Protein chains: 2
Amino acid sequence: MRAMHPVPVNTSTVAAEDIASLRHFNRYFTRRIGALDDHYLGQDRPLGEARLLFEIGEDGASLRDLRVRLGLDAGYLSRMVKALDAEGLVRVSVHPGDSRLRIAELTPAGRVEVTEQNLRADALAEGLLKGLTPDQREQLTGALGSAQRLLRLAAIRVEVVDGGHPDAQACLDAYAADIDERFPEGYDPATLVQPCEVSGESGALLVAYEEKRPVACGALTGFDQGGRIGEIRHVWVHPDARRLGLARRLLGELERQAEERGYDVVRLDTHASLTEAQSLYRACGYREIPRYNDDVYGAYFFEKRLGTERPWGP
Amino acid sequence: MRAMHPVPVNTSTVAAEDIASLRHFNRYFTRRIGALDDHYLGQDRPLGEARLLFEIGEDGASLRDLRVRLGLDAGYLSRMVKALDAEGLVRVSVHPGDSRLRIAELTPAGRVEVTEQNLRADALAEGLLKGLTPDQREQLTGALGSAQRLLRLAAIRVEVVDGGHPDAQACLDAYAADIDERFPEGYDPATLVQPCEVSGESGALLVAYEEKRPVACGALTGFDQGGRIGEIRHVWVHPDARRLGLARRLLGELERQAEERGYDVVRLDTHASLTEAQSLYRACGYREIPRYNDDVYGAYFFEKRLGTERPWGP
DNA sequence: TCATTTCTTTGACCCTAGTCAAAGAAATGA
DNA sequence: TCATTTCTTTGACTAGGGTCAAAGAAATGA
């Protein structure tokens, strides 16, 4: 069996000036804005407790969740929650479904404190932005937005996983539920690929992870027995991870997987309602072809010849 | 005497979404990149010491400087330096000019450690950027760059200071030295405004501060005895603070000061070699007029009628 | 010259943040 | 059913990061 480990997305070396600029920004930002923020957030409460209160939030959260989200030691967390409980800011109860779990929720007093935290943080941000014209603020918002999108994208790792893997199943289920809502005629989950179709020599299932959390998937299957044509299916991105350019990247990874498996051509079909997907495929070098299957959901059919372009587009 | 306190630069309220976007970015960035960076920077050295080593840098620094730059308690700093000295990473000596001051410098071993720090930080940044295409990296660098410029600009405060204030004098001296180099014929510092010309009713001297450090200046004087015309002079920005849009902002502040003093018109002249300045004035609504004085350095003369535009440009 | 200010050092503290191990209680899988 | 895993609590302990006040030495201003 050939190597199926995900190959590095991009082998070109990183320009020293890009590194320097990221480091420079990092230094400036964390020292000047981040440090300020932490200082104001806490006020007369220890930073750890302030963060914990913030993280519990309006809806409450299980200790387990908080532990993972904040990356805290279980004992440390337990003690902090106890302290906040003693101060009347937090109320702890047993999870109704699983009595090993505890749920922490804010009391009214806790809510007040969190509201104050937010007001302070807002005031800090407002004070910063006050020094700019509305136009410049808009520029700043835009710049921070695209920086954040790119940093998120950079941190996402795409992996080949087994079709039966729970993360894969979760993605495919979410995909099915998503398009079931978007297709006027609904979507029958029985139409999803089977695990056996996307493993081994002829197929692959890719899952994209953002900090351990699966946020996107895409499947490659063998289209014919001859083995020259692959089919791409179920390219899906979690709503939280859209507009990062992740679909394009997944597509590129899927094409690379197809090349690795010796396919010359990949095909895919798409529903009439998914117009963004259609533009994406066109932008990535796919061209429309006649219907090649009897998929009830397929309205447009695309194909791309592999082995000529660079891995994933500009 | 009328109130001469600097008025707020901009009175429009800050949009809630701009505040939210800044806070959102801040959370994402400090938790994900900043925290990572700190963790990697230190390795098996306490973070405080690692930061201190970095801050001492190749050129060394006085304890006083370090104390201010890092915002540390004097006793705490003293002890950290002592610890680094004991480890052979830092060497402390008495300042040649002022024996109250101590200078901390890296020993060769300290230099090695800082180099390693830098390599680790570079590797971290490179790992992040590896997930992007060269194109996306360029976008990221651009976005971070403009965000940083805007954040710096937002943090700069413009103040009216007395013409004799040491910060004012420092700026004017730097201005004189700067243009002395740029003018082919040199510049005679005797031509600078006198403190009495920029104080009281008819004139003002503005100094822009970036975190307590003066980084730009600009002077407003009365041009004629009638009191309808003001003259703007000595608009200068420290090289480190250029390309932020600070000159434009200073100009706007000076115009506001002129309006406050009842001037209808402001004039200024500029040297033939300062072409950027000329474009700035044009962009800010100044129009060229005939020579109005016998200044030997003046080659182009501009004027602007006040009281119509918004404080400072788009 | 003398009082005041600036800069550093030292001693004596404190608290936050965090680690590690043990143990109990509930859920899960075989 | 029983062994294993998951989740939380508790005890014991540590290091890092930091504050405060006193005091000495040098510089500065009146």
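Each chain gets a letter, A, B and so on, in the order its sequence line appears, and its residues count up from 1. Because the structure is a prediction, the values reported are computed rather than measured.
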What pairs with [X] under side-chain hydrogen bond (donor to acceptor under 3.5 Å, both in side chains), at least two apart in sequence or on another chain?
X        : answer
A:Arg27  : none
A:His24  : B:Gln148
B:Arg100 : B:Asp98
B:Glu87  : B:Arg45

Residues from residues 85-107 of chain B sitting under 4.0 Å of DNA chain C, heavy atoms only?
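Result for residues 85-107 of chain B: B:Arg100, B:Leu101, B:Arg102, sorted by number.
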
If you take any heavy atom closer than 4.0 Å to DNA chain C, which residues from residues 53-71 of chain B end up in contact?
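Within this stretch, B:Leu63, B:Arg64, B:Arg67 sit under 4.0 Å of the strand.
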
Contact boundaries of DNA chain C with chain B (under 4.0 Å, heavy atoms), 5' to 3'?
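The contact span of chain B on DNA chain C goes from C:dT6 to C:dA12.
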
Which atom of [X] lies closest to which atom of [Y], heavy atoms considered:
X        : Y        : result
B:Ala109 : B:Gly88  : CB-O, 3.7 Å
A:Pro195 : A:Gly164 : CB-N, 4.0 Å
B:Ser99  : B:Val94  : CA-CG1, 3.5 Å
B:Arg152 : B:Ala241 : NH2-CA, 3.8 Å

Verify side-chain contact (heavy atoms from CB on, under 4.5 Å) between A:Val160 and A:Leu205, making sure each step is shown before the conclusion.
CA-CA 6 Å; A:Val160 180; A:Leu205 188 62; over 6 Å; no

Might you work through the side-chain contact (heavy atoms from CB on, under 4.5 Å) test for B:Leu63 and B:Leu101, ending with a clear yes or no?
CA-CA 7 Å; B:Leu63 294 196; B:Leu101 285 165; over 6 Å; no

Polar pairs (N or O, both sides) under 3.5 Å between protein and nucleotides 11-15 of chain D?
from   : atom 1 : to      : atom 2 : distance (Å)
D:dG11 : N7     : A:Arg79 : NH1    : 3.1
D:dG11 : O6     : A:Arg79 : NH2    : 2.8
D:dA12 : N6     : A:Arg79 : NH2    : 3.3

Under the side chain to side chain donor-acceptor pair (under 3.5 Å) rule, what pairs show up with a residue in residues 165-177 of chain B, not counting sequence neighbours?
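Applying side chain to side chain donor-acceptor pair (under 3.5 Å) to every pair that reaches into residues 165-177 of chain B, excluding sequence neighbours, yields B:Asp167-B:Tyr209, B:Tyr175-B:His234.
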
Distance-only check: which donor-acceptor pairs under 3.5 Å involve side-chain atoms of residues 70-86 of chain B, not counting sequence neighbours?
from    : atom 1 : to      : atom 2 : distance (Å)
B:Asp73 : OD2    : B:Gly75 : N      : 2.9
B:Asp73 : OD2    : B:Tyr76 : N      : 3.0

Distance (rounded to the nearest 0.5 Å) between B:Ile19 CD1 and A:Leu124 CG:
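Answer rounded to 0.5 Å: 10.0 Å.
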
Indicate the ring-plane relationship of A:His238 and A:Trp236, choosing parallel, tilted or perpendicular according to the 30° and 60° boundaries.
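The arrangement is perpendicular - the two ring planes meet at more than 60°.
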
Result block: side-chain N/O donor-acceptor pairs under 3.5 angstrom for residues 52-62 of chain A, not counting sequence neighbours:
from    : atom 1 : to       : atom 2 : distance (Å)
A:Glu55 : OE2    : A:Arg69  : NE     : 2.7
A:Glu58 : OE1    : A:Arg111 : NH1    : 2.6
A:Ser62 : OG     : A:Asp65  : N      : 3.1

Residue whose closest nucleotide on DNA chain D lies nearer the 5' end, B:Glu49 versus A:Ser78
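The residue closer to the strand's 5' end, by nearest nucleotide, is A:Ser78.
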
Parsed dot-bracket for DNA chain C after applying the Watson-Crick and G-U rules with both distances under 3.5 Å and | for other-strand partners is ||||||||||||||||||||||||||||||

